[in-house]
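Single-structure report; data block below.
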Amino acid sequence: MKNYISEYKKKTKTSAKIFTRSLKLHVNGVSHNIRFYEPYPFVVKSSSGKNLVDVDNNKYTDYWMGHWSLILGHGPKNVKESLKKQIEKSWMYGTVNEQTIKLSELISKAVPVAEKIRYVTSGTEATMYAVRLARSVTGRKIIAKIDGGWHGYTSDLLKSVNWPFTESESSGVVNEEKIVSVPYNDLEGSLRILKKHAKDLAGIIIEPVLGGGGCIPATPEYLKGIQEFVHKNKSLFILDEIVTGFRFRFGCLYPTMKLDPDIVTLGKIVGGGMAIGVMCGKKEIMGYADTTGKKKSERSYVGGGTFSANPASMVSGYATLSHLKSKKSVYSKINSLGEFARKEIENVFDGKVTVTGKGSLFMTHFLKDGITEITNSAQAAKCDGIKLAKYHFKMISHDGIFFLPGKLGAISDAHSKDDIKRMVLASENF
Ligand SMILES: Cc1ncc(COP(=O)(O)O)c(C=O)c1O
């Protein structure tokens, strides 16, 4: 490991200098906690296609892809052209604009539940609103989430993110007793907990593929079982498709499992690399956000944000989704590259790893302590995270390949089979 650190330091001298300036002004030198890694993160000067270029001119094939938001790669031509045209006109109106309507028309056709839509500028805001809306609609207070579920930094959902899921994730978070957490892919165990809170259960929020919690798909039976319970209980079924929306197909993942969510949250890909969050859902449920002629006690206040539905994000999202709609072969290409990556990495490590994921998302888990399969976040957390971070750091320092150490990888349309082969070879050397 030592020589990889010195190799890294030797080639990232300008990054080191600039990051020292960053440390003076920013807590830990960053604004998103997970962007820091030892000894210091390299500083990016530009990006294009599959590559990040740092200030020392090192080029990295990127598998972090802007927190998995860049399904077409960095700066795809059509998105860039659309953005340029919009920037010429202006990039912030703070008023109604047609760009928003065009994006919504695309989303609502592809996502049947999106009968009504509200935009924000992050996934965190979208899930915050989803929780508030569920409480307003049901008049109940408790929200259930998944052990290991990550829905952004909203105080409500900042609970049971990290194994063993028992300790508070942060000081300063109040009313944690209003959030209950259930074990992923364990229907019996989940229902046991949900039943205890049934009377005051406003809803449950679930990622159909646990993202930050280990890149683990939910089984359709699990999601169906949970949905059946919450609907019988007159609670809301909220699917957080911020990672999965438009990632595997043109639309969300839920229709492939014949699910019937009440609210869906989107983000990342639908903003085409610009700031976005989306909350959408059934008309009668989203109707609670209607502020016209309703008393405060009768409505849910979910519309705010200076930059909500700003024309730059709307145009970038529209250009991205239009491209995906007209070229669906992007999905068959990246889904099969993902399958290839998972199979080849598992072959390389010869039984010592499991590579989880779906389609173009993949995450390597170094098995230990008797863990043989990864179906939930607890199992993922018991794997060797230190080895995973070392594996990723070795690729950063030695192979010109970037994974945010310890995190899952995302394949974009800018990647090719040769890129995956090169990554597999780098895994072999590790
Ligand atoms: C499933 C899920 N929900 C919500 C969020 C929060 O989105 P944002 O980082 O845009 O606030 C994330 C971010 O990674 C996520 O993975």
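None of the values given here were measured: they were computed from a predicted structure. Ligands are counted one by one from 1 in listed order, and the atoms in each one are counted from 1 as well.
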Name every donor-acceptor pair, under 3.5 Å, that has one atom in a side chain of residues 193-216 and the other anywhere in the protein, sequence neighbours excluded.
from	atom 1	to	atom 2	distance (Å)
Asp200	OD1	Lys141	N	3.1
Glu207	OE1	Gly211	N	2.9
Glu207	OE2	Trp150	N	3.0

*Please confirm whether His67 comes under 4.0 Å of ligand 1, counting heavy atoms of the residue only.*
no
*Establish, for the pair Lys102 and Tyr318, whether the NZ or CZ atom is under 6.0 angstrom from the six-membered ring centre and no further than 45 degrees off its axis.*
yes
*Within a distance under 4.0 Å of any heavy atom of Gly152, pick out the atoms of ligand 1 and give their elements.*
4 (C), 5 (C), 6 (C)
*What residue and atom, counting heavy atoms only, is the protein's closest point to atom 16 (O) of ligand 1, and at what distance?*
Val243 CG2, 3.2 Å
*In terms of side-chain heavy atoms, does Thr244 have a donor or acceptor partner in Glu241 at a distance below 3.5 Å?*
yes
*Output the list of atoms in ligand 1 that are nearer than 4.0 Å to some heavy atom of Glu207, sorted by atom number.*
1 (C)
*asked:* Between ligand 1 and Thr124, is the shortest N or O to N or O distance under 3.5 Å?
replied: yes
*asked:* Suppose we screen for side-chain contact (heavy atoms from CB on, under 4.5 Å). Which residues come up paired with Asn162, at least two apart in sequence or across chains?
replied: Glu169
*Out of Trp68, Phe402, Phe403, which one pairs with Tyr63 under the ring-ring contact (aromatic ring centres under 6.0 Å, His included) rule?*
Phe403
_Quick check: Asp240 and ligand 1, any N/O pair under 3.5 Å apart?_
yes
*Closest protein heavy atom to atom 10 (O) of ligand 1, given as residue, atom name and distance to 0.1 Å*: Gly123 N, 2.9 Å
*Given the rule in the ring pair (Phe, Tyr, Trp, His ring centres under 6.0 Å) test, do Phe237 and Tyr254 qualify, once you have shown the distances and angles that lead to the verdict?*
CA-CA 12 Å; Phe237 186 51; Tyr254 78 83; 9.1 Å; no
*Could you check atom 13 (C) of ligand 1 against the protein and tell me its nearest heavy-atom contact, residue, atom and distance included?*
Lys268 NZ, 3.2 Å
*Do Ser412 and Ile71 have side-chain heavy atoms sitting under 4.5 Å apart?*
no
*What is the closest protein heavy atom to atom 2 (C) of ligand 1, and at what distance does it sit?*
Trp150 O, 3.2 Å
